[in-house]
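Given the structure is predicted, the values throughout are model-derived calculations rather than measurements. Numbers here are sequence positions counted from 1.
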Amino acid sequence: MKKSYFILTIIALTLIALSLKKKYSSSPVSMQNKQNEINLTSSEEKKSLIKENSEINRTTEKKAEEKDIESFTCDYSLGYSTFKEEIEIKSLPIQGQIPEWLEGTLYRNGPSIFEIGDEEIESWFDGFGMIHKFKFQNGQISYVSKIIKSDNYTNQKSKIPIKNACTNICKICDCYLACGETPRSVKFNPETLETECAFEFEDNLSQEKVYESAHPHIDKEKKEIINYMTNFGCLYSSYDIYKIPFGSKERKIIASISTKEPSFMHSFAVTKNYIILTEYPFTVNPLNLMFAKVFIEQFQWKPNKGTIFYLVNRENSKVKKINYDAFFAFHHINAYEDNDVIYLDLVAFENPSVINKTRTVKDRLRKKEYDSSLTGKLSRYKINQSEDKIEKLILCDKIMELPRINENYDGKSYKYIYATGINLKDENYFDEFNQLIKVDTTNCQTKIWQENCCYPGEPVFVNSPKNESEDDGVILSVVLDTKNKKSFLLILDAKEFKELARAQLPHHIPFGYHGQFYPKEVNA
């Protein structure tokens, strides 16, 4: 009897032990238990478990950050669909409170029509442009939209490159201009947005067969506009850097840099004493442009050439050339001097594959796996003139584009960047820009605005009249709400990055590029 009882006891204890083993092996363990397990495993297993814990922590943090973000149900194809209605709304419905001091006009530019007759325009870059105007007055916001009626729009006959001035807005003398990168800029009425005529400079410099930056710099202290153009020639071309005094339409050459194979450069930087051109090894033989149907397709990536930084002295026109490794960028953010050192910030890409892989509307609509070559990094280049040496520093690893700053700090030491960003919901899903980011360049601390199924455009900073700090003001961004199939104008407090108000539109606005805000008192 005792023997049978002993055997039954052994069997019972064994079953209990097996049950406990199964229970704890199939359920989550505490961090202390994990640590105990790590101490008993081999070195390789230890590394694996540590990695697993790290991934669990990251996943938990990511889920906490995205608890209000739905799964991948947002269809951003609306951002690449045509909107061509020319409308006027005297007062948009507003949620929230607009700052009393905010008076003036925001002009936005970008492609809006993607068909020529029955033919579809393949390239997002080539769509016909439209200007959108948001006027702030007495606590209300009015809205006007108008198609840019360039020569290419009025004379459209076939699927050809559309040089339609749909990149940015600028102001020269008393003229409001819709500008692109290939001539010419289009003058429009600032009140009605009606297209008036092609803009003409009053000088003898070339106005045809040139490629001009759509990002001129406004130097309020020296009262001049700085820009450059690539002048294409059969044997040799040149980068012609010029200035335009306030109140004038005459371009005055500061310096010309000869080149055999011009680079695709979308923007540049200035400091108090220098103009910085960054020549990427994404170049073209000008002869290939003579019969080209698509401008950008003629450029070739030649990384062995490396990147060249040209430092142009604004006073004596001397040019210093410093070589560096190959990379590509669309947008310079800012630059400033510290004795013989120039600090240059831009959004740097490994190569220009972002152009080739996302140039067409169909490519941009196709969900893509994450590819690091398609994402730009906030990079700082420390250019030491006395040693001809350049050092690179990644300021922040956030994915971003369309960067803006407080323009009062252009060419000066600064702290804050505002940009569109991508919240990667999954490593296998590459979304469009679905958030706004404020970056502190001194420590990479960020503040984020995002809302489910909303895709914000370029954040335009508007300075408060009090001007108490660099970030004393508001951010204006046109946001596409794909859930409600409409757009709205978002107003954020630039310091706290919290929503102050939004103005709702009755329709969608396609994804655009750039824009400018002009305060009410500005008449220059």
Would you call [X] and [Y] a salt bridge, using N to O less than 4.0 angstrom?
X: Asp472; Y: Lys495; result: no
X: Asp345; Y: Arg380; result: yes
X: Asp471; Y: Lys415; result: no

If I take atom [atom1] from residue [X] and atom [atom2] from residue [Y], how far apart are they, to the nearest 0.5 angstrom?
X: Ile148; Y: Thr195; atom1: CD1; atom2: OG1; result: 6.5 Å
X: Leu78; Y: Asn484; atom1: CG; atom2: CG; result: 11.0 Å
X: Asp410; Y: Ile226; atom1: CG; atom2: CD1; result: 10.5 Å
X: Met265; Y: Leu277; atom1: CE; atom2: CG; result: 5.0 Å
X: Arg108; Y: Leu476; atom1: CZ; atom2: CG; result: 10.0 Å
X: Phe309; Y: Leu344; atom1: CZ; atom2: CG; result: 6.0 Å

Report task. Report the C-alpha distance between Phe268 and Tyr228 in whole Å, list the side-chain angles of each, state the deciding distance to 0.1 Å, and finish with yes or no for ring-ring contact (aromatic ring centres under 6.0 Å, His included). Result -> CA-CA 9 Å; Phe268 66 108; Tyr228 77 92; 5.3 Å; yes
Shortest non-hydrogen contact between [X] and [Y], atoms and distance:
X: Asn138; Y: Glu103; answer: N-OE2, 3.1 Å
X: Glu194; Y: Lys146; answer: OE2-CE, 3.0 Å
X: Gly515; Y: Asn168; answer: N-OD1, 3.6 Å
X: Pro190; Y: Leu193; answer: O-CD2, 4.2 Å
X: Cys454; Y: Val479; answer: CB-CG1, 3.7 Å
X: Ser487; Y: Ile509; answer: OG-N, 2.9 Å

Requested in this report: Would you indicate whether Lys133, at its atom NZ, is surrounded by more than 12 heavy atoms from other residues, nucleotides or ligands within a distance under 6.0 Å?
Outcome: yes
Would you please say whether a donor-acceptor pair under 3.5 Å links the side chains of [X] and [Y]?
X: Asn406; Y: Asn463; answer: yes
X: His217; Y: His332; answer: no
X: Gln450; Y: Asn423; answer: yes
X: His132; Y: Tyr107; answer: no
X: Glu181; Y: His266; answer: yes

Would you please classify the geometry between the [Y] ring and the [X] ring as parallel, tilted or perpendicular, with 30° and 60° separating the classes?
X: Phe328; Y: Phe330; value: perpendicular
X: His507; Y: Tyr143; value: tilted
X: Phe83; Y: His508; value: perpendicular

Report task. Go through the steps to decide whether Leu402 and Phe433 satisfy the test side-chain contact (heavy atoms from CB on, under 4.5 Å), and finish with yes or no. Result -> CA-CA 10 Å; Leu402 300 176; Phe433 289 93; over 6 Å; no
Report task. Give the intermediate values and the outcome of side-chain contact (heavy atoms from CB on, under 4.5 Å) for residues Ile276 and Val270. Result -> CA-CA 6 Å; Ile276 302 104; Val270 299; 6.0 Å; no
Report task. Evaluate whether the separation between SG of Cys179 and SG of Cys170 stays below 2.5 angstrom. Result -> no
Check: [Y] main-chain N/O paired with [X] side-chain donor or acceptor under 3.5 Å:
X: Ser477; Y: Leu436; answer: no
X: Asn227; Y: Ser213; answer: yes
X: Thr82; Y: Phe114; answer: yes
X: Ser263; Y: Tyr280; answer: yes
X: Lys377; Y: Lys398; answer: no

Requested in this report: Carefully, step by step, assess Thr167 and Asn109 under the rule side-chain contact (heavy atoms from CB on, under 4.5 Å).
Outcome: CA-CA 6 Å; Thr167 305; Asn109 199 350; 5.8 Å; no
**Report entry** Any pair counted as salt bridge (Lys or Arg N to Asp or Glu O under 4.0 Å), so long as it reaches residues 135-144, sequence neighbours left out
**Finding:** Lys135-Glu191
Report task. Answer yes if the ring centres of Tyr381 and Phe327 are under 6.0 angstrom apart, and no otherwise. Result -> yes
Are [X] and [Y] packed together at the side-chain level, in the sense that at least one heavy-atom pair is separated by less than 4.5 angstrom?
X: Leu505; Y: Lys486; result: no
X: Met400; Y: Leu378; result: yes
X: Tyr239; Y: Met229; result: no
X: Leu490; Y: Pro456; result: no
X: Thr192; Y: Val144; result: no
X: Ile394; Y: Lys392; result: yes
X: Ile89; Y: Ser142; result: no
X: Glu86; Y: Ile147; result: yes

Requested in this report: May I ask you to establish whether Arg502 and Phe488 are in a cation-pi arrangement, using a distance under 6.0 Å from NZ or CZ to the six-membered ring centre and at most 45° from the ring axis?
Outcome: yes
**Report entry** Worked check of ring-ring contact (aromatic ring centres under 6.0 Å, His included) between Phe136 and Phe134
**Finding:** CA-CA 7 Å; Phe136 297 77; Phe134 298 88; 7.6 Å; no
Report task. Determine, stepwise, if the pair Tyr518 / Tyr176 fulfils ring-ring contact (aromatic ring centres under 6.0 Å, His included). Result -> CA-CA 11 Å; Tyr518 295 98; Tyr176 285 79; 5.4 Å; yes
Report summary line: Applying salt bridge (Lys or Arg N to Asp or Glu O under 4.0 Å) to Lys249 and not counting sequence neighbours gives none
Requested in this report: Please identify each residue that fulfils salt bridge (Lys or Arg N to Asp or Glu O under 4.0 Å) with Glu224, with sequence neighbours left out.
Outcome: Arg314
Query raised in the report: Can you list the steps and then say if Tyr80 with Phe511 is a ring-ring contact (aromatic ring centres under 6.0 Å, His included)?
Result: CA-CA 7 Å; Tyr80 299 105; Phe511 293 137; 5.0 Å; yes
**Report entry** Member of Tyr409, Phe517, Tyr418, Phe497 meeting the ring-ring contact (aromatic ring centres under 6.0 Å, His included) criterion with Phe461
**Finding:** Tyr418
Requested in this report: Using the side-chain contact (heavy atoms from CB on, under 4.5 Å) rule, take Phe128 and Ser112 through it: C-alpha gap first, then chi angles, then the decisive distance, then the call.
Outcome: CA-CA 6 Å; Phe128 290 114; Ser112 191; over 6 Å; no
